[in-house]
Amino acid sequence: MKIDRLIGILSILLQEEKTTAPELAERFEVSRRTINRDIEALCKAGIPIRTAQGIGGGISIMDGYRIDRTILTSKDMQMILAGLRSLDSVSGSRYYGQLMEKIQSGSSEFISGRDFMLIDLSSWYKASLAPKIEVIQSAIENRKLLEFKYYAPSGESSRTIEPYYLVFQWSSWYVWGCKVSSGDLLCADQSGTERCKSREDYRLFKLNRMDGVKESKQNFICRDVPLPDLSNEKIFPGGIRVKALFTADMKWRLVEEFGPHCFTETDDGRLLFTADYTNMDNLVTWLLTFGPKAEVLEPVEVRDIIRRSAEKILQIYTEDLKEI
């Protein structure tokens with residue numbers, strides 16, 4: 001990740017008298033152009049970096065420069081530590097905790113007050129998520145293909161991807177990667193090259209739907225990938241206009257999931273809910289969780305689906321009673 005690389009470059013420049021762009025490019029496994037952009041970013045951040053061309057030239061920090069910790073306030077440090085602690089809540093290792101201890105040990109006089117922010121990014125699936133995250137992190141760092149079995153609404157399938165980013169969004173963990181076909185693997189094996197990827201080849205894979213996650217022995221060529229568009233408009237484009245009535249005691253759920261402005265109160269005390277939904281199956285599943293406390297008005301086809309589902313459920317439990 002760019003921030004890790006910038007910190008790494010700054011650390012090298014603080015410890016070594018001089019280095020070169022080719023050396024940094026080889027060390028961080030990126031192009032010289034990327035290193036030049038990183039150096040420019042450090043300069044814009046106020047780090048006095050000096051570059052010299054020709055024999056004996058290179059990249060170095062001006063003599064006498066040191067990082068002034070006072071540019072960070074105590075509140076800034078508390079925020080940094082809270083962020084590291086949150087990453088440790090889903091990590092399968094103690095890496096972030098140890099990094100946090102290093103920062104605290106050298107800044108004890110600088111961090112005042114007690115912790116005021118606790119962030120836990122884990123979930124009910126922490127036991128299964130932590131090992132997956134650890135494997136994916138390793139694959140990203142080592143530029144290894146990632147293999148796994150994926151469960152999607154369309155069915156189960158074996159996937160191979162180039163992993164680029166771990167993403168925490170919408171209360172779930174995802175990996176952003178480029179799907180790899182058998183043809184791509186054959187092309188890479190035979191010629192050492194890989195096919196160009198279009199924007200459609202990149203997608204998010206939900207970790208909870210992944211099984212048998214393992215790091216392949218095969219490397220991939222790291223490319224400049226497009227960042228995932230995580231806007232609600234992109235991931236949840238809508239298209240299904242929903243109108244439904246909910247009993248008053250379901251107000252807390254509507255507020256929690258859609259906000260306090262998603263409904264209006266009717267004369268009989270019920271809540272008239274309106275929203276745009278993306279997926280018909282997910283919509284029906286969500287409405288069924290309310291049982292008799294929700295009545296769909298629109299779309300009409302959703303009413304029919306729920307009615308047929310209720311009839312099938314009634315038939316199942318009626319047959320069970322007959323057998324008893």
Side-chain angles (χ1 to χ4, degrees), residues 75 78-79 82-83 85-87 89-90 115-126 128-129 151-154 166-174 176 203-209 227-321:
K75 184 177 180 180
Q78 291 283 7
M79 290 294 189
R85 192 181 295 110
S86 70
L87 291 173
S89 68
V90 294
D115 292 336
F116 63 88
M117 184 180 295
L118 298 176
I119 305 172
D120 192 334
L121 300 179
S122 60
S123 69
W124 294 107
Y125 309 99
K126 181 176 181 179
S128 61
L129 275 177
Y151 295 85
S154 58
L166 269 167
V167 179
F168 183 77
Q169 186 81 352
W170 315 293
S171 302
S172 297
W173 282 95
Y174 301 80
W176 173 254
R203 59 162 293 185
L204 290 170
F205 295 90
K206 195 170 187 178
L207 266 62
N208 278 348
R209 295 182 182 177
L227 290 173
D229 184 350
L230 302 178
S231 63
N232 287 342
E233 293 77 11
K234 176 65 177 178
I235 305 300
F236 307 111
I240 303 175
R241 189 64 176 170
V242 183
K243 185 181 289 186
L245 286 168
F246 292 84
T247 56
D249 58 339
M250 289 294 100
K251 181 182 292 186
W252 65 273
R253 273 197 62 181
L254 297 180
V255 171
E256 178 182 328
E257 298 178 34
F258 289 90
H261 305 296
C262 67
F263 61 84
T264 57
E265 295 192 26
T266 62
D267 294 338
D268 62 1
R270 290 191 292 176
L271 310 174
L272 178 60
F273 168 83
T274 56
D276 285 323
Y277 229 85
T278 300
N279 182 279
M280 183 70 76
D281 290 338
N282 290 343
L283 170 60
V284 172
T285 300
W286 178 69
L287 288 167
L288 284 171
T289 64
F290 290 89
K293 297 189 176 185
E295 179 188 354
V296 184
L297 303 179
E298 298 176 7
V300 176
E301 55 264 37
V302 174
R303 290 179 62 92
D304 293 335
I305 293 172
I306 292 178
R307 178 182 53 78
R308 290 196 298 270
S309 297
E311 290 172 352
K312 290 179 181 179
I313 293 172
L314 180 62
Q315 182 180 1
I316 291 172
Y317 286 100
T318 301
E319 290 176 352
D320 286 345
L321 288 174

Inset, instruction - Decide yes or no on side chain to side chain contact (heavy atoms under 4.5 Å, CB included) for V242 and E298, but give the supporting numbers first. - result: CA-CA 6 Å; V242 183; E298 298 176 7; over 6 Å; no

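Here I313 contributes atom CD1 and E311 contributes atom CD; the two are 10.5 Å apart, rounded to the nearest 0.5 Å. With values rounded to the nearest 0.5 angstrom, T266 atom OG1 is found 6.0 Å from L245 atom CG. For the atom pair L129 CG and L207 CG, the distance stands at 6.0 Å (nearest 0.5 Å). Distance CG/L227 to CH2/W176: 8.5 Å, rounded to 0.5 Å. Interatomic distance, NZ of K251 versus CD of E256, reported as 15.0 Å (0.5 Å rounding). Atom-to-atom distance recorded for N208:CG and W173:CH2 is 12.0 Å, nearest 0.5 angstrom.
Within the cation-pi definition used here (under 6.0 Å to the ring centroid, within 45° of the axis), R203 qualifies as a partner of F205.
Note: F258 and F273 have perpendicular aromatic rings, judged against thresholds of 30 and 60 degrees for the angle between ring planes.
L271 places a side-chain heavy atom less than 4.5 Å from the side chain of E265. Taking the side chain as every heavy atom from C-beta outward, T274 and C262 never approach each other to under 4.5 Å. Side chains of L254 and F263 form a contact here, defined as non-hydrogen atoms less than 4.5 Å apart. The side-chain heavy atoms of L166 and Y174, taken from C-beta on, include no pair separated by under 4.5 Å. The side-chain heavy atoms of P299 and R241, taken from C-beta on, include no pair separated by under 4.5 Å.
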Show which side-chain atoms of residues 283-297 pair as donor or acceptor with protein atoms under 3.5 Å away, not counting sequence neighbours.
| unit_1 | atom_1 | unit_2 | atom_2 | d |
| --- | --- | --- | --- | --- |
| T285 | OG1 | D281 | O | 2.9 |
| W286 | NE1 | E257 | OE1 | 2.6 |
| T289 | OG1 | R253 | NH1 | 3.3 |
| T289 | OG1 | R253 | NH2 | 3.2 |
| T289 | OG1 | W286 | O | 2.5 |
| K293 | NZ | D249 | OD2 | 2.7 |
| E295 | OE1 | R270 | NH1 | 3.2 |

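Taking every heavy atom of both residues into account, A248 and G269 meet most closely at CB-O, 3.5 Å.
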